[in-house]
Engineer: 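Following this message is one structure expressed as structure tokens.
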Amino acid sequence: MRWKALGLMLMLPGAAPATGGLPEWLAGRWCTAGGGPTRTCEQWQPPAGGMMLGVSQMVKGKKTIAFEYLRITMDGGVAVYQAQPGGKPPTAFRAVAGGEGITFINAAHDYPQRIRYRLEGDELTAEISLADGSKAMRWRYRRDQ
């Protein structure tokens, strides 16, 4: 997967579009459920020092098959999601208003162009896609205590 620089936007539950703070509700360890051979976990630290730090790890059997360093910062009142798959240089996505949860867009990037997180009860849904929502891939996470 190749990452290029791009902008992003944010919507927090119950907050004004793209002007809220960091998405505190994302903090915690989230892992896919089920008995499949591959398990993905994302862990997000609570906001501190103007950012949230995160990491994603995909494990198949006893082997890590993918990992990603993540962070969310604020820039001019807009949340910016920066992803570093495999530890490569970061690609930025800017939060956009609209919808539930938080959505980040970078239409200039090859794939993904859109990253969306939505909290539904005790489940976190993460989705990546093209900017128009096509070619979507989704993960359903449960909080891992």
Side-chain angles (χ1 to χ4, degrees), residues 1-47 50-60 63-144:
M1 192 181 308
R2 218 174 115 221
W3 293 83
K4 301 175 197 167
L6 182 77
L8 78 106
M9 115 185 201
L10 144 87
M11 181 66 164
L12 300 176
T19 60
L22 297 168
E24 294 183 39
W25 50 270
L26 191 57
R29 180 173 164 83
W30 301 90
C31 295
T32 54
T38 304
R39 182 173 183 185
T40 302
C41 294
E42 280 194 16
Q43 185 160 340
W44 287 94
Q45 294 180 349
M51 71 170 51
M52 290 180 73
L53 295 174
V55 65
S56 177
Q57 181 181 27
M58 186 179 294
V59 176
K60 185 173 185 176
K63 182 175 176 150
T64 295
I65 58 173
F67 72 95
E68 188 168 19
Y69 300 122
L70 308 163
R71 68 182 174 267
I72 302 173
T73 58
M74 296 299 293
D75 179 23
V78 176
V80 177
Y81 182 101
Q82 295 185 55
Q84 294 181 255
K88 294 179 181 169
T91 298
F93 298 77
R94 295 185 63 80
V96 295
E100 298 175 22
I102 185 167
T103 301
F104 302 94
I105 299 282
N106 181 337
H109 190 252
D110 53 359
Y111 187 88
Q113 295 176 336
R114 183 173 79 179
I115 300 168
R116 176 180 292 171
Y117 288 95
R118 186 175 60 212
L119 189 61
E120 301 175 70
D122 62 349
E123 282 193 348
L124 177 69
T125 300
E127 178 183 283
I128 61 173
S129 67
L130 293 176
D132 65 3
S134 64
K135 298 189 179 181
M137 295 177 63
R138 290 177 193 84
W139 291 263
R140 287 197 173 280
Y141 297 108
R142 290 206 174 266
R143 193 174 295 277
D144 191 42

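Basis for what follows: all heavy atoms, side chains included, without hydrogens, waters or symmetry-related copies. Predicted, not measured: the structure shown is a model, and the values here were computed from it.
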Engineer: For a quick test of reading the model, state the closest non-hydrogen atom pair linking Thr32 to Tyr141 and the distance between them.
Structural biologist: N-CD2, 3.5 Å

Engineer: Specify the closest pair of heavy atoms between Trp44 and Glu42, including all atoms of both residues, with the distance to one decimal.
Structural biologist: NE1-OE1, 2.9 Å

Engineer: When you compare the side chain of Leu70 with that of Tyr81, does any pair of heavy atoms fall below 4.5 Å?
Structural biologist: yes

Engineer: Using the test side chain to side chain donor-acceptor pair (under 3.5 Å), find all partners of Arg71 that sit at least two apart in sequence or belong to another chain.
Structural biologist: Gln82, Gln84

Engineer: For residues 125-132, which side-chain N or O atoms pair as donor and acceptor with protein atoms under 3.5 Å away, sequence neighbours left out?
Structural biologist:
residue : atom : partner : partner atom : Å
Thr125  : OG1  : Glu120  : OE2          : 3.4
Thr125  : OG1  : Arg140  : NH1          : 3.0
Glu127  : OE1  : Arg138  : NE           : 2.6
Glu127  : OE1  : Arg138  : NH2          : 3.1
Glu127  : OE2  : Arg114  : NH2          : 3.0
Ser129  : OG   : Arg114  : NE           : 3.2
Asp132  : OD1  : Ser134  : N            : 2.8
Asp132  : OD1  : Ser134  : OG           : 2.6

Engineer: Any idea which heavy atoms bring Asp75 and Val80 closest together, and the distance?
Structural biologist: CB-CG2, 3.8 Å

Engineer: For Pro47 and Glu24, which heavy atoms make the closest approach, and how far apart are they?
Structural biologist: CG-CG, 3.3 Å

Engineer: Between Asp122 and Arg143, is any pair of side-chain heavy atoms under 4.5 Å apart?
Structural biologist: no

Engineer: Specify the closest pair of heavy atoms between Arg29 and Cys41, including all atoms of both residues, with the distance to one decimal.
Structural biologist: NH2-SG, 3.5 Å

Engineer: Applying side chain to side chain donor-acceptor pair (under 3.5 Å), can you list everything that pairs with Trp30, at least two apart in sequence or on another chain?
Structural biologist: none

Engineer: Are the side chains of Arg39 and Met58 in contact, using a 4.5 Å heavy-atom criterion?
Structural biologist: no

Engineer: Below 4.5 Å, heavy atoms only, C-beta onward: do Ile102 and Leu26 meet side chain to side chain?
Structural biologist: no

Engineer: Indicate yes or no for a side-chain donor-acceptor contact from Thr73 to the backbone of Met51 under 3.5 Å, with no hydrogens or angles considered.
Structural biologist: no

Engineer: Has the side chain of Tyr117 got a donor or acceptor atom that lies under 3.5 Å from a matching backbone atom of Pro23?
Structural biologist: no

